S.K.: 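I have a structure I would like to understand better, so I am pasting it below and will then ask my questions one at a time.
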Amino acid sequence: MGRFNQERAPIYEALEEFRRNRIVPFDVPGHKRGRGNPELVELLGQQCVGIDVNSMKPLDNLCHPVSVIREAEEMAAEAFGAAYAFLMVGGTTSSVQSMVLSVCKKGDKIILPRNVHRSVINALVLNGAIPIYVNPDMDRDLGIALGMKVSQVEKTIRENPDAVAVLVNNPTYYGICSDLRSIVKLAHANGMKVLVDEAHGTHFYFGENMPVSAMAAGADMASVSMHKSGGSLTQSSFLLTGPDMNPGYVRQIINLTQTTSASYLLLASLDISRRNLALRGKEEFRKVISLAEYARKEINRIGGYYAYTSELINGDSIYDFDKTKLTVNTLGIGLAGIEVYDILRDEYDIQMELGDIANVLAYISIGDRERDMERLISALVEIRRKYNRDNTGMYTQEYIEPKVAVSPQNAFYAEKESLPLMETKGRVCSEFVMCYPPGIPILAPGEEITADILEYIVYAKEKGCSMTGPEDPGIDRLNVLKEQWLA
């Protein structure tokens with residue numbers, strides 16, 4: 001039995017008490033419980049707008065919590081099996097950046113896979129740390145990058161004994177897990193911290209027979225997107241730390257970039273969602289897995305599609321698989337994943353999480369129902385019947401190994417010039433280019449632009465991928481480093 005009663009939600013309880021007291025507001029926010037903005041009340045409801053309040057003594061302060069927020073953090077730490085948990089209101093992006101900024105400073109090396117979310121490389125732009133990439137293996141047929149091989153991590157550590165940390169994506173967007181326990185042991189034996197981007201792994205802490213969670217594997221820090229599979233409001237997240245991190249210092253790092261006006265809607269949603277998962281997580285995620293497994297079986301019966309699961313496990317680059325992820329490879333019906341994604345939304349009113357060059361991903365979580373799965377399965381049957389075509393010449397590449405010429409920070413702030421896209425071959429990029437989601441850069445600042453990368457960008461644009469990153473919204477031009485800057 002834990003120290004805390006997980007049925008409690010201290011922030012939520014404090015807000016309910018606050019509501020009962022009917023305090024007269026001579027503080028911000030200026031809508032004054034909605035009275036000054038009736039349309040906002042109409043959209044969100046009085047219940048919601050009435051607790052959109054500022055930090056005050058009875059409600060504590062996220063920058064320096066001493067009462068109800070502190071208690072909520074301690075309860076979350078217990079629920080996640082962490083030494084400490086921080087409530088984050090800047091999305092998992094701010095959790096990831098706080099991890100990197102907590103262990104690295106300018107010039108420090110950090111070992112990481114290149115298929116990281118842009119938030120990781122953004123952190124390197126901010127603090128000047130140097131990325132040492134462990135290039136992931138590719139599954140060419142599926143068009144996805146895999147996990148980190150332990151042998152590759154070992155080799156990279158041997159070649160870079162002065163690196164300060166290893167960062168692991170676990171699981172990837174597509175459900176691929178690395179051998180986290182072995183990577184943690186290796187890194188710790190070499191005096192390096194282990195950071196885990198666990199944006200897509202909230203359920204690992206609460207479900208049964210799931211891949212190992214970062215905290216259970218002994219990682220030093222983990223970023224957990226509670227709003228993804230955990231059911232809290234968008235933009236709310238947890239940053240977890242192990243026993244060897246100084247929570248006071250981590251708080252100082254968080255406060256460098258996080259707002260001083262934290263939304264109590266987000267904080268309360270984290271508190272209530274933690275309670276929900278601590279009490280009901282096992283049964284809820286059991287249902288999630290059975291829904292995903294049922295859908296996989298039915299989709300694989302259709303023909304042409306491939307909804308993959310734990311049969312991919314190879315004990316290394318795919319050490320384990322997250323069965324809640326319903327990823328469907330669409331190349332067998334002659335359509336790119338992004339094309340199926342667009343058809344599902346435009347013709348069937350079904351919004352998928354992402355479509356890429358080869359796959360479409362349905363994010364199954366605690367709010368999904370059997371009838372929704374049936375609707376998705378029927379739509380995929382119809383799409384195959386109506387649109388099936390020859391798949392000769394279809395692209396599957398979802399990850400191209402980068403050539404890093406300059407550190408992300410130096411490249412981002414260097415003197416640059418704008419060139420037409422097809423004239424940038426051989427130059428060094430000074431900005432990001434990515435399909436979003438998943439938000440993994442095709443190009444990051446400091447990387448050389450190759451013919452393969454240009455071909456991929458053009459293909460992704462033609463297929464209708466949502467491309468983000470560059471200054472030029474049309475991605476007809478790219479910013480590159482001035483050649484004399486490199487000389």
Side-chain angles (χ1 to χ4, degrees), residues 73 76-77 79-88 90-100 102-103 110-113 115-120 123 136 145-148 153 165-184 187 193-207 210-232 234-242 245 250 254 270 273-274 277-278 281 285 288 318-325 353 361 363-366 437-440:
E73 290 186 333
F80 282 92
Y84 213 92
F86 298 86
L87 278 66
M88 304 294 289
T92 307
T93 288
S94 77
S95 300
V96 166
Q97 293 180 346
S98 296
M99 291 198 306
V100 175
S102 293
V103 300
I110 177 169
I111 295 168
L112 63 162
N115 58 324
V116 287
H117 188 261
R118 71 168 292 174
S119 57
V120 178
L146 306 179
M148 291 169 95
V153 176
V166 178
L167 184 140
V168 189
N169 286 339
N170 210 69
T172 68
Y173 226 137
Y174 303 94
I176 307 292
C177 298
S178 301
D179 182 357
L180 203 47
R181 280 198 176 97
S182 297
I183 292 170
V184 167
K193 298 286 190 213
V194 178
L195 316 178
V196 183
D197 181 347
E198 217 166 15
H200 300 283
T202 307
H203 43 290
F204 290 3
Y205 291 90
F206 301 99
M210 296 269 183
V212 69
S213 70
M215 289 295 110
D220 297 288
M221 300 183 87
S223 298
V224 180
S225 252
M226 195 66 163
H227 71 93
K228 290 193 170 78
S229 60
S232 65
T234 295
Q235 212 177 300
S236 57
S237 176
F238 279 113
L239 175 59
L240 309 176
T241 62
M245 295 301 298
V250 173
I254 291 168
L270 281 170
S273 304
R274 181 270 312 150
L277 295 187
F285 289 121
V288 170
I318 310 172
Y319 185 76
D320 209 342
F321 189 84
D322 173 10
K323 290 181 185 170
T324 69
K325 299 287 188 295
E353 171 67 13
L361 169 65
Y363 213 102
I364 317 296
S365 76
I366 57 177
I440 296 161

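Below, all heavy atoms of this structure are taken into account, side chains as well, without hydrogens, waters or symmetry copies. FYI, the numbering just counts along the sequence from 1. Quantities reported herein were computed from a predicted structural model and do not represent experimental measurements.
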S.K.: Kindly compute the distance separating CG (L240) from CE (M88), expressed to the nearest 0.5 Å.
M.R.: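 Answer rounded to 0.5 Å: 10.5 Å.
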
S.K.: Between S365 (side chain) and S229 (backbone), is there a donor-acceptor pair under 3.5 Å?
M.R.: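 Side chain of S365 to backbone of S229, a donor-acceptor pair under 3.5 Å: no, none is there.
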
S.K.: Would you indicate whether the side-chain heavy atoms of H203 and D322 approach each other to under 4.5 Å?
M.R.: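 Side chain of D322 against side chain of H203, heavy atoms only: contact under 4.5 Å found.
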
S.K.: How many angstroms lie between NZ in K228 and OH in Y173, if you round to the nearest 0.5 Å?
M.R.: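 Rounded to the nearest 0.5 Å, the NZ-OH separation comes out at 6.0 Å.
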
S.K.: Testing the basics here: between V96 and S119, what is the closest heavy-atom pair and its distance to 0.1 Å?
M.R.: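 Heavy atoms only, the tightest pair is CG1-OG, 3.5 Å.
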
S.K.: State the CG-NZ distance between L361 and K325, to the nearest 0.5 angstrom.
M.R.: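 Here the interatomic distance stands at 7.5 Å.
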
S.K.: Donor-acceptor check, side chain of S237 to backbone of V224, threshold 3.5 angstrom: yes or no?
M.R.: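 Looks like yes, one N/O pair under 3.5 Å.
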
S.K.: Minimum heavy-atom separation for M226 to T202, with atom names?
M.R.: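 Closest heavy-atom pair between M226 and T202: SD-CG2, 3.5 Å.
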
S.K.: May I ask you to decide if V288's main-chain N or O and T324's side chain share a donor-acceptor pair within less than 3.5 Å?
M.R.: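 Such a contact is absent between T324 side chain and V288 backbone.
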
S.K.: Which pair of non-hydrogen atoms, one from S223 and one from L239, has the smallest distance, and what is that distance?
M.R.: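 Taking every non-hydrogen atom into account, OG-CD1, 4.0 Å.
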
S.K.: In this structure, are over 12 heavy atoms from other groups packed under 6.0 Å from K323 atom NZ?
M.R.: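 Counting neighbours around NZ of K323, 12 or fewer heavy atoms of other residues, nucleotides or ligands fall under 6.0 Å, so no.
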
S.K.: For the side chain of N169 and the backbone of N115, is there at least one donor-acceptor N/O pair under 3.5 Å apart?
M.R.: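 Looks like yes, one N/O pair under 3.5 Å.
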
S.K.: Which atom pair, heavy atoms only, marks the closest approach of F206 to A79?
M.R.: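 Heavy atoms only, the tightest pair is CE2-O, 3.9 Å.
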
S.K.: For S94 and S98, which heavy atoms make the closest approach, and how far apart are they?
M.R.: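 In terms of heavy atoms, the two residues are closest at O-OG, 2.8 Å.
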
S.K.: Using distance alone, with no hydrogens and no angle criterion, decide if S225 and T92 have a side-chain donor and acceptor under 3.5 Å apart.
M.R.: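 Short answer, yes.
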
S.K.: Pair R181, D179 - check side chain to side chain contact (heavy atoms under 4.5 Å, CB included), show working.
M.R.: CA-CA 6 Å; R181 280 198 176 97; D179 182 357; 4.3 Å; yes

S.K.: Just wondering, do H117 and T93 contact through their side chains at under 4.5 Å, heavy atoms?
M.R.: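 Of all side-chain heavy-atom pairs linking H117 with T93, at least one is under 4.5 Å.
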
S.K.: State whether the side chain of E73 and the backbone N or O of Y84 hold a donor-acceptor pair below 3.5 Å, judged by distance alone.
M.R.: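 It does not hold such a pair.
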
S.K.: About how many Å separate CG of L270 and NE2 of H227, when rounded to the nearest 0.5 Å?
M.R.: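 If we round to the nearest 0.5 Å, H227:NE2 and L270:CG are 9.5 Å apart.
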
S.K.: Please check this pair: side chain of D220 against backbone of L195, looking for a donor-acceptor N/O pair closer than 3.5 Å.
M.R.: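 Here the side-chain-to-backbone pair does not exist.
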
S.K.: Apply side chain to side chain contact (heavy atoms under 4.5 Å, CB included) to residues V212 and F204 and explain how you reach the verdict.
M.R.: CA-CA 7 Å; V212 69; F204 290 3; over 6 Å; no

S.K.: Is it true that Y363 and H200 share a donor-acceptor pair across their side chains at a distance under 3.5 Å?
M.R.: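 Present: a donor and an acceptor within the cut-off.
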
S.K.: Sequence neighbours excluded, which residues qualify as ring-ring contact (aromatic ring centres under 6.0 Å, His included) partners of Y319?
M.R.: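 Counting only residues at least two positions away or on another chain, Y319 forms no ring-ring contact (aromatic ring centres under 6.0 Å, His included).
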
S.K.: Which distance, rounded to the nearest 0.5 Å, do you find between the CE of M148 and the CG of L180?
M.R.: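 Between atom CE of M148 and atom CG of L180 there are 10.0 Å.
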
S.K.: Starting at CZ of F238, measure out to CG of L87 and round the result to the nearest 0.5 Å.
M.R.: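 Answer for the CZ-CG pair, F238 versus L87, is 4.5 Å.
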
S.K.: For the residue pair M245 and S102, what are the closest heavy atoms and their distance?
M.R.: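 So the minimum-distance heavy-atom pair works out to CE-CB, 4.4 Å.
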
S.K.: State, with a plain yes or no, whether a side-chain heavy atom of S213 is found less than 4.5 Å away from one of F80.
M.R.: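 The answer is no, as the side chains (C-beta and beyond) never meet within the 4.5 Å cut-off.
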
